[in-house]
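Data block below; observations after.
Just so it is clear: chains get the letters A, B, ... in the order the sequence lines come, proteins before strands, and each one is counted from 1. Computed from heavy atoms alone, side chains included, the values below leave out hydrogens, waters and symmetry copies.
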Amino acid sequence: MTDIRTHDYDVVVIGAGGAGLRAAIEASAQKAKVALVCKSLLGKAHTVMAEGGAAAALGNVMGEDNWRVHFRDTMRGGKMHNNWRMAQIHAQEAPDRINELEAWGALFDRTPDGRINQRPFGGHTYSRLAHVGDRTGLEMIRVLQDKAVHSGIDVHMECTIVRLFAVGGRIAGALGYFRETGRFVLFKSGAIVVATGGIGKAWQITSNSWEYTGDGHALAYEAGAELIDMEFVQFHPTGMVWPPSVRGILVTEGVRGEGGVLKNAAGERFMFRYMPDMFKGDFAETEAEADAWVKGERKKNRRPPELLTRDVVAKAITREIAEGRGSPHGGVFLDIASKQAPDYIKQKLPSMYHQFKELAQVDITKEPMEIGPTTHYMMGGVKVDAETQEATISGLFAVGEVGGGMHGANRLGGNSLSDLLVFGRRAGLYAAGKRGGAPGIPDAEIEATMRAALAPFENANGENPFAVQSALQTVMQRNAGIIRDKSGLETALAELENLKGRARKSGITGSREYNPGWHTAIDLRSLLIVSEATARAALERTESRGAHTRSDYPDSDERQVREQIVIKKEGDRMIVRREAQPPLPADLMKLIKEGS
Amino acid sequence: MAEQRRLRLFRGTREHGELKEYQVAAAEGMVVLDAVHAIQAEQAPDLAVRWNCKAGKCGSCSAEINGKPRLMCMTRMSDYQAGETITVTPMKAFPVIKDLVTDVSWNYEVNKRIPAFQPRAPDAPDGTWRMYQYEVERPQEFRKCIECFLCQDVCHVLRAHEKHAEFMGPAFLVRAAVYEMHPLDEEDRRSYLRESGGIGYCNITKCCTEVCPESITITDNAIIPLKERVVDANYDPLAALWRKLTG
């Protein structure tokens with residue numbers, strides 16, 4: 001075959017954020033020959049933007065903490081919909097994974113006795129997030145990056161995978177193109193780990209960058225794997241809202257962890273009014289109690305209600321705005337200036353200080369920030385085995401945001417960075433064990449894939465793919481956002497059908513070398529699949545749970561708590577079905593009901 | 001109708017290129033990257049530009065704006081006069097791939113060659129270490145580096161003299177400083193810095209410090225202390241020993 005470069009590897013990891021890097025490092029430690037393929041340059045993945053910290057029950061700040069409490073917090077935060085075994089493994093292994101980063105050179109902030117410091121965060125009973133100011137993700141990715149490049153891993157940068165090949169139910173390889181040259185590359189491998197992150201680019205207001213088009217979700221789906229929980233999209237409560245050019249950029253939950261409060265236009269600290277029954281008794285009931293907790297009197301007082309889980313806070317903010325109590329630019333106020341001294345704010349939240357100063361001309365040590373919900377994280381993903389992260393296709397693994405189940409209906413802040421490490425290591429370990437035995441890929445399929453990828457060049461007069469992408473984002477923002485209902489979701493599905501036609505007919509001009517129009521046309525295919533999967537799953541789940549809110553089914557339905565919406569490709573159709581998750585073992589159920 | 005802003009962007013490749021003028025509608029709070037994206041979405045879909053976080057945290061959208069190395073996402077349009085044409089060109093110290101995108105792969109090769117972190121034996125029986133905040137703060141400053149390579153771009157050793165083969169550049173002196181000043185590290189990188197790293201090429205003009213979007217005090221806090229260590233190691237073994245003993 002002409003016009004294609006071919007490589008053979010024991011393990012191919014697609015995606016070089018925290019999960020992909022950790023998987024590659026582990027597979028390499030198992031003496032596998034490893035390729036790490038990333039859509040951007042190495043070290044630019046979304047992990048770099050994670051701010052607040054990594055959750056692990058180290059117990060360095062509050063000795064009462066242990067994996068059981070972390071497990072309980074994670075399950076309750078996920079509204080009991082989580083894959084319990086993943087939540088358990090995560091809580092048990094996170095401390096080792098954090099300590100291991102220190103052995104690789106990480107420089108976390110310290111406790112007075114010289115151990116890793118931990119900060120409070122939404123939904124976590126105890127101070128649990130290992131952190132570095134508000135740039136924890138940057139520290140993590142740099143440590144993993146340096147570890148990886150010294151481990152003999154081949155890194156293929158700015159390479160986008162467009163297809164996974166599975167032959168007879170067994171993974172066989174991946175085909176992609178290099179952005180620089182537009183040339184194709186085939187990776188033959190019997191073990192492939194997708195670690196491609198989320199799907200946030202399907203919405204208008206998002207904290208996600210251009211890369212997060214659901215590639216891994218779509219690649220696995222097209223190869224025949226099952227997706228679960230696609231209705232659970234996390235809208236982070238605090239994104240920037242003004243000026244328009246920065247709308248959606250993340251404002252770390254660390255602001256609230258460090259004492260920041262939410263206020264409406266009337267100056268009211270409204271979160272006290274939004275306490276869900278599940279958490280009654282766990283949070284402060286007066287401002288005085290919440291303030292005392294922030295000042296460090298944590299034994300006698302309970303946490304501020306601003307530290308409720310993200311789903312709860314995002315919905316509360318949405319309601320305040322909808323009922324006319326919003327800020328001038330359609331958000332609410334997040335105020336830390338009146339709660340902490342300027343020097344403390346600059347030390348603990350340096351990048352927030354910088355970000356608001358440079359982009360919004362707001363000094364957060366003096367004035368409140370204007371914030372509102374922004375699309376942030378996909379709880380749903382490829383259905384995987386809890387122990388190994390292997391998908392329903394042999395030899396295919398999915399890990400991090402693209403893996404489904406761990407976070408249930410809502411992820412706790414800080415549980416993603418630890419998820420990446422815990423399951424990244426496991427995916428790398430088991431993928432290395434699966435090396436060899438890749439079936440051959442028929443040439444005709446390779447040729448067809450390349451032809452399909454180049455199709456947009458045939459339509460020089462076709463519609464601009466950027467316009468189609470923008471239309472898709474409008475549809476999802478309007479009809480599959482924080483608050484959903486049947487008719488809106490049906491509208492979304494009808495519009496997506498129409499957009500599929502427009503995407504097929506979109507066209508581009510110019511050469512194959514670094515052509516973002518072409519890249520966008522290809523990304524659209526993934527975006528359309530994940531958008532449809534989200535809308536179909538959201539329509540199927542006739543209740544409100546965690547991040548999924550239906551105005552026509554406003555209550556949680558306990559009969560659906562352990563029911564999972566599964567999505568699979570059959571022929572050319574997207575099939576939706578329900579599947580019951582295995583029940584929790586009695587001892588873990590007891591732990592959740594009674595506390596540790 | 002919204003106010004129009006004029007931009008001139010480099011369009012082309014290594015072999016051939018030119019500045020092309022575009023107009024975009026101004027919006028409140030707009031940064032240069034927004035303007036470039038607007039041109040890409042509406043007028044030139046094949047316009048090549050790198051970006052990711054759009055919040056000054058990933059270091060992808062480095063370019064030269066009116067000749068100054070800057071992040072496009074952190075440069076506000078309102079910093080320039082209304083009638084002024086804003087010129088955006090790719091970083092000069094690296095080969096152009098296309099339009100605003102340059103080949104920065106050399107940087108990744110340099111990083112690979114820096115001797116890796118080697119921690120001392122754990123301090124506690126459970127395999128963990130004890131470090132204090134005052135000890136970690138020094139290397140933490142260097143960890144703020146977002147690998148935007150703007151300091152590499154502005155450094156005359158690379159930009160004007162093209163000593164890429166002999167000099168690692170300020171960005172990787174900062175990287176080496178992370179580990180050299182890491183409280184747990186036991187590796188000795190001094191001969192590496194002097195020989196392969198070419199630290200002697202730096203004549204401390206501090207241009208790198210001026211362009212760093214993370215405000216890392218590159219010259220004073222990273223490079224000069226590294227130069228002192230290298231000099232000590234080479235000319236005064238007793239002083240080097242003293243330094244090792246006293247930290």
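- Listed by sequence position, V132(A), R135(A), L138(A), E139(A) are the residues of residues 131-139 of chain A in contact with chain B, using a 4.5 angstrom heavy-atom cutoff.
- F356(A) is linked by a ring-ring contact (aromatic ring centres under 6.0 Å, His included) to nothing, counting only residues two or more places apart in sequence or in another chain.
- For a residue to count as touching a neighbouring chain, one of its non-hydrogen atoms must lie under 4.5 Å from one of that chain's; by this rule P139(B) touches chain A with backbone and side chain alike.
- Between H519(A) and Y514(A), the ring planes are perpendicular. Angles over 60° get that label, and only those under 30° would be called parallel.
- For the options K98(B), E135(B), E147(B), heavy-atom pairs under 4.5 Å to chain A are most numerous at E147(B).
- Residue pairs satisfying the ring pair (Phe, Tyr, Trp, His ring centres under 6.0 Å) criterion with at least one member in residues 14-38 of chain B, sequence neighbours excluded, are listed as follows: H37(B)-W51(B).
- Classification of the H164(B)-F94(B) ring pair by plane angle, with boundaries at 30° and 60°, yields perpendicular.
- Using a 4.5 Å cut-off between heavy atoms, Q469(A) makes no contact with chain B at all.
- For R76(B), the part sitting under 4.5 Å from any heavy atom of chain A is the side chain, from C-beta outward, and nothing else.
- Counting heavy-atom pairs closer than 4.5 Å to chain B, the top residue among V149(A), L41(A), V246(A) is L41(A).
- In this structure, the portions of D109(A) lying under 4.5 Å from any heavy atom of chain B include both its backbone and its side chain.
- For the set S40(A), S470(A), P350(A), the count of heavy-atom pairs under 4.5 angstrom toward chain B peaks at S40(A).
- For the set E211(A), R142(A), M49(A), the count of heavy-atom pairs under 4.5 angstrom toward chain B peaks at R142(A).
- Of the listed residues (I146(B), T128(B), L184(B), D185(B)), the one with the most heavy-atom contacts under 4.5 Å to chain A is I146(B).
- Between chain A and the options C73(B), A44(B), G56(B), G59(B), heavy-atom pairs under 4.5 Å are most frequent for G59(B).
- Only the side chain of P183(B) comes within contact range of chain A, judged by heavy atoms closer than 4.5 Å.
- Among K144(B), Q118(B), E42(B), the residue making the largest number of heavy-atom pairs under 4.5 Å with chain A is K144(B).
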Let me check something: any side-chain donor-acceptor pairs from residues 24-36 of chain B under 3.5 Å, sequence neighbours excluded? List them with distances.
residue	atom	partner	partner atom	Å
D34(B)	OD1	K54(B)	NZ	2.9
D34(B)	OD2	S245(A)	OG	3.4
D34(B)	OD2	V31(B)	N	3.0

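- Of all the listed residues (G43(A), G517(A), A103(A)), the one sharing the greatest number of non-hydrogen pairs under 4.5 Å with chain B is A103(A).
- By number of non-hydrogen pairs under 4.5 angstrom with chain B, the leading residue of F108(A), W242(A), W518(A) is W242(A).
- When heavy atoms are compared at a cutoff of 4.5 Å, N208(A) does not approach chain B at all.
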